[in-house]
Protein chains: 2
Amino acid sequence: MAEGGAPVTMSDVARLAGVSTATVSRVVNGRYGVSASTIAQVRSAIERLGYESSLVAASLRRTRTNVLGLVTHSFQSYTAEVLKGVMDALTQSGFDLIIYANSDVYGTYSEGWEQRHLTRLSGTLTDGCIVVTPWGEVRTSTPVVVIDPVRDSTVPSVTADNLTGATTAVEHLLGLGHRRIGFIAGRSSLAAAWSREEGYRKALAEAGVPVDPALIGRGDFNPESAAPLARALLERPDRPTAIFAASDGMALKVLEVAKEMGIDVPGDLSVVGFDNIPESALAEPRLTTVDQSMYRLGHEAAHMLKSLVTGEWEGPRQILLPTRLLVRGSTAPVRVATRP
Amino acid sequence: MAEGGAPVTMSDVARLAGVSTATVSRVVNGRYGVSASTIAQVRSAIERLGYESSLVAASLRRTRTNVLGLVTHSFQSYTAEVLKGVMDALTQSGFDLIIYANSDVYGTYSEGWEQRHLTRLSGTLTDGCIVVTPWGEVRTSTPVVVIDPVRDSTVPSVTADNLTGATTAVEHLLGLGHRRIGFIAGRSSLAAAWSREEGYRKALAEAGVPVDPALIGRGDFNPESAAPLARALLERPDRPTAIFAASDGMALKVLEVAKEMGIDVPGDLSVVGFDNIPESALAEPRLTTVDQSMYRLGHEAAHMLKSLVTGEWEGPRQILLPTRLLVRGSTAPVRVATRP
DNA sequence: CCGGAAAACGTAACCGATAACGATTGCAAT
DNA sequence: ATTGCAATCGTTATCGGTTACGTTTTCCGG
């Protein structure tokens, strides 16, 4: 290794090879119009100096950069899954990936982060971007695919089928005999949160169970927001026999609160989450949840963005991916009615 | 949202505000020498147009960009932990983070990836870079901190105390009465792999147990590489009663092979891993392993890089972080000797 | 009312590369 | 020996900002 001095630029190569920078550029990009001997000269100079072209300078002038961007507000465990899916979709595609994360108030949702990140990247650096779970709308001059968009968004997006997933989850609880089913909602501006609530209402409606507004708590997907809501639900005299939380993070908080309050899960309370984050399989009891494959979300989003950039996208601009109910240890048949 | 046309540039702002781009630049960067009224004009124009400065263009001319880079060859679950640590260390620090990943042969170690990624970023885009588990040496013109460097590297680095960790792991096995302890090594060019092997040898030496070369298999940290090695070890007539694998990925493979061969873990065979990846807690039986906090590795690396960039680093350039043995279900006392 | 310094602002070079265009060269056809 | 057409290569403008430097304006005290 060498903590080498100034970075070697294209003009360094040009000088050593005795040609102009234009020629070096042509060689680097394999363009037509350079003689074999000149190519050899330039290549040898590049080799000697250890030159590598600057992504920044190139992207400033070029229209296409063959780099896709991804912006996210934080790195949770599911983010890694998304990234894996994205990378697998990009393998051998010729597109590299740049992920941008800014440093103010990491982990919390500062208004407009997606827009700031996006404009930082999309000016010239990237040909298009994937935005993971934005907090608001996004506008850009290059193609964008959103994973988990906001409600009523018309931006190209990839989402899990939250409606069906939530419906199935609640049907599972109904099938176990539960009738008083609490719900902890996510931030309603997000399409995912809204659909999950719709699924909850739909399943109840189809089973002829009236929706009790008192059993619905309004969280924001942040696990911390769920604790007081769970407590409030469980302290009610007519407390629910089951709780469906709109995210695993919040569901795990429910488990925690129940344990604190001495409520046995799944004996006294059944709990269902949504997402299937890795931690949910580690919980005690293991959490019943709706699996949305983050890997697939990332994979599809990357595939779609790639095609959008090259202009060969034919399919729909809003993709819905199936979900799957994972029945684990946190749900059980309701106890024989103890009501008067 | 709006799929707006061309991105708005600084000269657009200048034109609307009736000033030169130099003045806009001064306002944007809060530099001295602009009257209050002009500042207001420019700000209003920026607001109206929704202008945001291009990271690319700025970084080309500027020396400092306040962006740090990170390069990794793939996104495993531990990568997310590292990233969390990095981001937490960067919160409110004024440094943003850019992660670069290229698309050829994702997941496999193509020679020299770290160097390619690095030069893509370090030309002008970033002030410094973190490299996660490189495959070879790295040279750059900007500061670099390596997580898990190669052997005998002099680059600033952050590493877990692999030697002590491995020693402790083997001592744990010795304490359970094991004497024939197999070892599956990692790729020896990496410092981590080498130290873990040293720890193995050291613990045996201190216990007066001779090292049997036949009990050492040479893997490369890739889980797949461990399967045939484990099989070979376990098919021996004098097979080991315990196996220490240099990584959890490989240790999990050992569990798999043992199950295939009908060998009971931990009854007939004890297994210890290294890393404490999330999956190891999910295995059946749960894997005893040495925890190296990926979060802390990332956190320390980011902290160090930040200080190196600002030139205020005082501490050592090679940091060693403590490890912790997690005793779980895959280890048990050795069965009474069945030897003749 | 004037001189002069400081404040405010514009001009132009520049960062490292690419693209459009023009200039030069070589070789075959006329 | 000219002409014509490619192939080859250099020159220059440009991308979107930043910055050194020069010019103009403002605002004092004398």
Side-chain angles (χ1 to χ4, degrees), chain A residues 6-43 45-46 49-67 119-127 141-142, chain B residues 6-43 45-46 49-67 119-127 141-142:
Chain A
V8 30
T9 81
M10 184 174 267
S11 65
D12 295 328
V13 175
R15 186 168 30 245
L16 180 60
V19 298
S20 75
T21 59
T23 299
V24 177
S25 173
R26 279 188 275 255
V27 171
V28 168
N29 299 307
R31 257 181 258 288
Y32 179 78
V34 187
S35 70
S37 66
T38 307
I39 291 181
Q41 294 244 345
V42 172
R43 280 207 202 295
I46 289 177
L49 298 175
Y51 166 80
E52 306 224 19
S53 94
S54 156
L55 173 63
V56 176
S59 75
L60 187 58
R61 189 69 174 88
R62 228 205 263 269
T63 45
R64 274 281 294 278
T65 60
N66 290 326
V67 174
T119 45
R120 294 283 274 177
L121 288 184
S122 74
T124 52
L125 230 200
T126 58
D127 294 339
S141 47
T142 53
Chain B
V8 32
T9 80
M10 184 174 268
S11 65
D12 296 328
V13 174
R15 186 168 28 246
L16 180 60
V19 297
S20 74
T21 60
T23 300
V24 176
S25 173
R26 279 188 276 255
V27 172
V28 168
N29 298 304
R31 258 180 256 289
Y32 181 77
V34 187
S35 72
S37 67
T38 305
I39 291 182
Q41 294 243 346
V42 172
R43 280 208 203 293
I46 289 177
L49 297 175
Y51 167 80
E52 307 224 20
S53 91
S54 156
L55 174 63
V56 176
S59 76
L60 190 55
R61 186 64 165 88
R62 233 206 259 270
T63 44
R64 275 281 294 276
T65 60
N66 290 326
V67 174
T119 45
R120 293 288 273 177
L121 288 184
S122 74
T124 53
L125 232 200
T126 58
D127 294 337
S141 49
T142 52

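Only this structure's heavy atoms are used, side chains among them; waters, hydrogens and symmetry mates stay out. Just so it is clear, the structure is predicted and the values come from calculations on it, not from any experiment.
Of the candidate nucleotides dA17(C), dG10(C), dA13(C), dA13(C) has the atom lying nearest to any side-chain atom of R61(B). Of the candidate nucleotides dG16(C), dC21(C), dT18(C), dC21(C) has the atom nearest to the side chain of R26(A).
In this view, R15(B) and D12(B) satisfy the salt bridge (Lys or Arg N to Asp or Glu O under 4.0 Å) rule, not counting sequence neighbours.
As a whole-Å value, the separation of L60(A) CG from dC14(C) P is 17 Å. Note: CG (L125(B)) to P (dC15(C)) measures 18 Å, nearest angstrom.
In this structure, S59(A) reaches neither bases nor backbone, as no heavy-atom distance under 4.0 Å exists between it and the strands shown. Counting any heavy atom pair closer than 4.0 Å across all strands shown, T9(B) reaches sugar-phosphate atoms only and no base atom. Nucleic acid contact class of S35(A) (heavy atoms, under 4.0 Å, all strands): sugar-phosphate only. Nucleic acid contact for A22(B): base, since at least one base atom lies under 4.0 Å from a heavy atom of the residue. The residue R31(A) sits close only to the backbone: its heavy atoms come under 4.0 Å of sugar-phosphate atoms, none of a base. Heavy atoms of V28(A) sit nowhere under 4.0 angstrom from any nucleic acid atom. Backbone-only engagement by V19(A) is indicated by non-hydrogen atom pairs under 4.0 Å involving sugar-phosphate atoms exclusively.
Mapping N29(A) and G18(B) onto DNA chain C by nearest heavy atom places G18(B) at the nucleotide closer to the 5' end. Comparing T23(A) and E52(B) against DNA chain D, the residue whose closest nucleotide sits nearer the 5' end is T23(A).
Where DNA chain D meets chain B (any atom under 4.0 Å from a heavy atom), the bounding nucleotides read 5' to 3' are dG16(D) to dT19(D).
For the pair D127(B) and T65(B), the tightest heavy-atom approach, listed with the atom from each and the gap, is OD1-N, 2.9 Å.
Put simply, the side chain of V28(B) reaches to within 4.5 Å of the side chain of I46(B), judged on heavy atoms.
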